[in-house]
Amino acid sequence: MMKFYLDTANLASIKKYNAMGLVDGVTTNPSLIVKEGADFEETIKAICKEVYPNPVSAEVTATDYEGMVSEGKRNKAWAENVVVKIPMIPEGLKATKTLSKMGIPINMTLIFSANQALVAAKAGASYLSPFIGRLDDIGQDGMGMIADLVAIKRAYGERFKAEVLVASIRHPIHVLQAAKLGADIGTMPAEVMDKLLMHPLTDIGLKRFLDDWNKAKKERPSITA
Ligand code: G3P
């Protein structure tokens, strides 16, 4: 079963969907943290507490090996369920090797090809984040990359440990297609999660049931709810 992550740093949204049992994890990035306007550490700690023991990705902002390793260790110390998010650049691969050897789980982000994902997995990343929406934006086939990656993972079975975390999801069809392919995880904004659970016919159907029930109760007071 595909896991659903929320791609947001908004605690209210996370609480809302977590109460429905829909939040298997949370991913954040510097843009999402800045959007909330709150302190990075406090935000991550609060999210980690809310969804514990589910994983929460906290991204490094350094771009050199030493800086990424140091920020990675710092972020991991904030909560047990922190996953350190590292960009798919050569220095990031070095940091991934070091941190993963220390037992710190890594989510490698900004992946735009199946080969980059393979490289990230080889370096020791536990989660691979291919960005499908941003590939679609430039006229490339985001979901094709997921199909390739899932096929590769399937071909290696137990020997391919990293999870395919489909990122940059923009709409419910992305979720549907990723699930059909058998991707491990889809991370999505709250607006997309909302669209997964809403259907106008559900609301119309419920209204009709209740109207019929209330009408019958008025006509036949012997009916009790
Ligand atoms: O968290 C990374 C990714 O999901 C960003 O998505 O919509 O900014 O391309 P987007």
Side-chain angles (χ1 to χ4, degrees), residues 2-14 17-18 22-38 40 43-44 46-48 50-51 54-63 68 71-72 75 78 81-89 92 95-96 105-114 116-117 119-121 125-147 149-150 162-179 181 183-196:
M2 186 164 81
K3 284 175 263 187
F4 287 170
Y5 284 13
L6 267 179
D7 197 24
T8 183
N10 184 279
L11 194 58
S13 292
I14 294 165
Y17 295 100
N18 198 31
L22 300 180
V23 185
D24 297 311
V26 173
T27 49
T28 67
N29 61 41
S31 309
L32 294 171
I33 295 285
V34 165
K35 195 173 155 196
E36 297 310 316
F40 183 27
T43 304
I44 293 296
I47 297 172
C48 283
E50 170 63 26
V51 303
N54 293 343
V56 176
S57 289
E59 190 162 342
V60 300
T61 50
T63 52
M68 282 192 253
E71 283 186 26
N75 294 4
W78 289 342
N81 47 336
V82 161
V83 168
V84 174
K85 205 172 179 191
I86 292 187
M88 173 61 216
I89 55 175
T96 296
I106 306 300
N107 174 1
M108 187 138 264
T109 188
L110 290 168
I111 287 176
F112 291 95
S113 75
Q116 280 188 316
V119 166
S126 305
Y127 302 90
L128 312 171
S129 286
F131 278 30
I132 58 171
R134 292 191 197 184
L135 270 185
D136 291 353
D137 288 346
I138 60 159
Q140 292 188 15
D141 181 11
M143 202 54 72
M145 168 178 56
I146 304 302
L149 193 46
V150 169
E163 295 196 68
V164 177
L165 196 171
V166 182
S168 187
I169 283 177
R170 300 281 171 73
H171 49 70
I173 307 284
H174 273 155
V175 180
L176 187 67
Q177 289 172 331
L181 289 170
D184 300 296
I185 307 161
T187 190
M188 64 200 86
E191 304 77 57
V192 175
M193 193 168 277
D194 208 43
K195 288 176 186 159
L196 296 184

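Counting starts at 1 for both ligands and their atoms, following the listed order.
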- line: Exactly one of V164, L165, V150, V166 clears side-chain contact (heavy atoms from CB on, under 4.5 Å) with D184, and that residue is V164
field: Shortest non-hydrogen separation from T27 to Y5 and the atoms involved
entry: CG2-CD2, 3.9 Å
Nearest neighbour in protein (non-hydrogen) for atom 2 (C) of ligand 1: F131 CZ, 3.3 Å
task: Flag R134 as yes when one of its N or O atoms lies below 3.5 Å from any N or O atom of ligand 1, and as no otherwise.
output: yes
- request: Heavy-atom contacts with N29 under 4.0 Å: which atoms of ligand 1 show up? List them by number with element.
  value: 1 (O), 2 (C)
- request: Without swapping roles, check the side chain of N81 against the backbone of N54 for a donor-acceptor pair under 3.5 Å.
  value: yes
message: Which residue and atom name correspond to the protein heavy atom nearest atom 4 (O) of ligand 1, and how close is it?
response: D7 OD2, 2.5 Å
- prompt: What is the distance from atom CE of M88 to atom OG1 of T96, rounded to the nearest 0.5 Å?
  reply: 8.5 Å
task: Grab the two heavy atoms, one from I33 and one from A9, that are nearest each other, plus how far apart they are.
output: CD1-CB, 4.0 Å
- request: Report the part of T27 in contact with ligand 1, treating N, CA, C, O as backbone and CB onward as side chain, heavy atoms under 4.0 Å; options are side chain, backbone, both, neither.
  value: neither
- line: For atom 6 (O) of ligand 1, the closest protein heavy atom turns out to be S168 CA, 3.3 Å
query: Hey, does K85 sit under 4.0 Å from ligand 1 if you only count heavy atoms?
result: yes
- request: Using atom types as modelled and distance alone, determine if a side-chain donor or acceptor of S168 lies under 3.5 Å from a backbone N or O of R134.
  value: yes
message: Looking at ligand 1, would R170 count as a contact under a 4.0 Å heavy-atom criterion?
response: yes
